[in-house]
Peer 1: 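This is the structure, below, for whatever I ask next.
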Amino acid sequence: MKTHLLGLAATALMISSQSAHASLSLSGGGLSVYDSTNNVSWTADGNLFGTQYAASNGAVVNTIISDWVPGKVIGNDLINYGTVSSSDFFASGKMTYNGALAWVNYLNTINYGGSNQWALPTITTQTYGDVSGFGGTSSGNQLAQLFYGGLGQASGTDIATTHNSSYGLFTNIQSQYWTGTQSSQYPSDAWNYYTKYGAQNPDHLVTVDTIGALAVSPGAFSAVPLPASAWLLGGGLLGLVGISRRRQSV
């Protein structure tokens with residue numbers, strides 16, 4: 001009887017530990033990760049632009065630039081500094097803030113993973129430093145919802161070191177990501193999120209700071225066929241995203 005009860009307790013504990021991050025699952029033909037708790041999807045490749053750059057030998061940058069319309073607002077992004085050039089993009093996958101906006105616009109143009117509603121994640125609680133202080137899973141920071149609430153990040157600890165099994169749904173997680181939220185205190189800065197620490201801080205918007213970008217879209221969706229031109233220019237060769245599940249951090 002005691003053995004039976006211990007077995008039930010162990011099973012319940014296992015289910016409980018799994019349910020904490022069971023809200024994440026691959027979607028969009030494996031190109032995105034759906035968060036059923038917050039009803040949003042994320043690009044499964046944490047350095048998708050870097051992957052697209054490599055697959056196209058850099059040609060994707062020209063397509064991103066040609067698709068960009070200065071002054072266009074992407075998702076909930078409140079600011080836009082006009083034109084972009086090749087100097088806004090780097091083979092490592094890092095981009096300026098405006099480059100990140102233009103890249104997200106490109107994802108929408110090619111209907112990446114079945115969505116044309118990609119945007120940079122946003123924050124509503126503009127607090128410096130450790131986001132766990134105001135609730136890592138709260139609505140105050142979409143990236144905190146993902147990393148603390150979905151992937152099991154611990155405060156002050158690199159996500160690559162401390163995470164749950166859902167972390168394996170993503171590849172190429174980077175150390176720092178742009179958000180689409182302008183700093184109310186420093187208008188020349190936009191907020192970013194450090195996956196190495198679970199913290200948020202602002203960075204310069206124009207050409208000064210270059211970091212990674214992780215795009216988010218409302219809801220869940222299924223992948224749809226793309227035109228040949230998209231496959232050739234980096235939205236293309238999308239199968240590369242799912243071939244290797246190796247995680248890389250910078």
Peer 1: If I take atom CD1 from residue Ile211 and atom OG from residue Ser92, how far apart are they, to the nearest 0.5 angstrom?
Peer 2: 11.5 Å
Peer 1: Between Ser32 and Ser41, do the side chains contain a donor N or O and an acceptor N or O under 3.5 Å apart?
Peer 2: no
Peer 1: Under the ring pair (Phe, Tyr, Trp, His ring centres under 6.0 Å) rule, what do Trp118 and Phe221 come out as? Steps first, then yes or no, please.
Peer 2: CA-CA 12 Å; Trp118 296 105; Phe221 32 82; 5.6 Å; yes
Peer 1: Please examine the side chains of Ile173 and Tyr167, heavy atoms only from C-beta on, and report whether any two atoms are closer than 4.5 Å.
Peer 2: yes
Peer 1: Please answer whether the main-chain N or O of Ile123 pairs with a side-chain N or O of Thr181 as donor and acceptor at a distance below 3.5 Å.
Peer 2: yes
Peer 1: Test your reading of the model: is there a side-chain donor-acceptor pair from Ser36 to the backbone of Ser23, 3.5 Å cut-off?
Peer 2: yes
Peer 1: Compare every heavy atom of Ser155 with every heavy atom of Tyr148, then report the nearest pair and how far apart it is.
Peer 2: OH-CA, 3.5 Å
Peer 1: Given the rule in the side-chain contact (heavy atoms from CB on, under 4.5 Å) test, do Phe170 and Ile159 qualify, once you have shown the distances and angles that lead to the verdict?
Peer 2: CA-CA 12 Å; Phe170 290 87; Ile159 186 63; over 6 Å; no
Peer 1: Can you name the closest pair of heavy atoms from Gly46 and Gln174 and give their distance?
Peer 2: O-CG, 3.6 Å
Peer 1: Please determine which of Thr195, Asn192, Thr210, Asn201 meets the side-chain hydrogen bond (donor to acceptor under 3.5 Å, both in side chains) test together with Gln176.
Peer 2: Asn192
Peer 1: How far does OH of Tyr106 sit from OG of Ser66, to the nearest 0.5 angstrom?
Peer 2: 9.5 Å
Peer 1: Apply the test side-chain contact (heavy atoms from CB on, under 4.5 Å) to residues Leu120 and Thr179: give CA-CA distance (whole Å), side-chain angles for both, the deciding distance (0.1 Å), then the verdict.
Peer 2: CA-CA 5 Å; Leu120 294 178; Thr179 79; 5.8 Å; no
Peer 1: Strictly distance-based, threshold 3.5 Å: is any side-chain N or O of Tyr97 a donor or acceptor partner for the main-chain N or O of Trp178?
Peer 2: no
Peer 1: Look only at the side chain of Asn108 and the backbone of Asn105, and say whether a donor-acceptor pair between them is shorter than 3.5 Å.
Peer 2: no
Peer 1: With a 4.5 Å cut-off on side-chain heavy atoms, are Leu48 and Leu107 touching?
Peer 2: yes
Peer 1: What residues form a side chain to side chain contact (heavy atoms under 4.5 Å, CB included) with Ala91, not counting sequence neighbours?
Peer 2: Tyr53
Peer 1: Show your working on side chain to side chain donor-acceptor pair (under 3.5 Å) between Gln200 and Asn141 and close with a plain yes or no.
Peer 2: CA-CA 9 Å; Gln200 63 184 36; Asn141 185 321; 2.5 Å; yes
Peer 1: Drop me the distance from Gln145's CD to Leu151's CG, to the nearest 0.5 angstrom.
Peer 2: 12.0 Å
Peer 1: Under the side-chain contact (heavy atoms from CB on, under 4.5 Å) criterion, do Trp68 and Leu101 qualify, and how do the steps go?
Peer 2: CA-CA 9 Å; Trp68 180 237; Leu101 281 183; 4.1 Å; yes
Peer 1: So how far is it from Asn47 CG to Lys94 NZ, rounded to the nearest 0.5 Å?
Peer 2: 9.5 Å
Peer 1: Identify the two heavy atoms, one from Gln117 and one from Ser115, that lie closest to each other, and give their separation to 0.1 Å.
Peer 2: N-OG, 3.1 Å
Peer 1: Is there a path of hydrophobic side-chain contacts, each under 4.5 Å between heavy atoms, that joins Phe90 and Val61?
Peer 2: no
Peer 1: What heavy-atom pair brings Pro121 and Leu214 nearest, and what distance separates the two atoms?
Peer 2: CD-O, 3.1 Å
Peer 1: Contact between Met95 and Asp88 at the side-chain level, heavy atoms closer than 4.5 Å - yes or no?
Peer 2: no
Peer 1: Would you kindly say whether Thr162 and Thr157 are connected by a side-chain donor-acceptor distance under 3.5 Å?
Peer 2: no
Peer 1: Please tell me whether Ile64 and Ile110 are part of a single hydrophobic cluster in this structure, the criterion being side-chain heavy atoms less than 4.5 Å apart.
Peer 2: yes
Peer 1: How far apart are the closest heavy atoms of Val104 and Ala215, and which atoms are they?
Peer 2: CG2-CB, 4.4 Å
Peer 1: If I compare all heavy atoms of Val216 with all of Gln142, which pair ends up nearest, and what's the gap?
Peer 2: CG1-OE1, 3.8 Å
Peer 1: Quick check on the hydrophobic clustering: are Leu146 and Leu26 connected, directly or via other members, by side-chain heavy-atom contacts under 4.5 Å?
Peer 2: yes
Peer 1: To the nearest 0.5 Å, tell me how far Tyr34 OH sits from Ser217 OG.
Peer 2: 10.5 Å
Peer 1: Specify whether Phe89 and Phe49 have parallel, tilted or perpendicular ring planes, treating 30° as the upper limit for parallel and 60° as the lower limit for perpendicular.
Peer 2: tilted
Peer 1: So, does Asp45 use its side chain to make a donor-acceptor pair with the main chain of Leu31 at under 3.5 Å?
Peer 2: no
Peer 1: For the CG atom of Leu24 and the CG atom of Asn38, what is their distance to the nearest 0.5 Å?
Peer 2: 9.0 Å
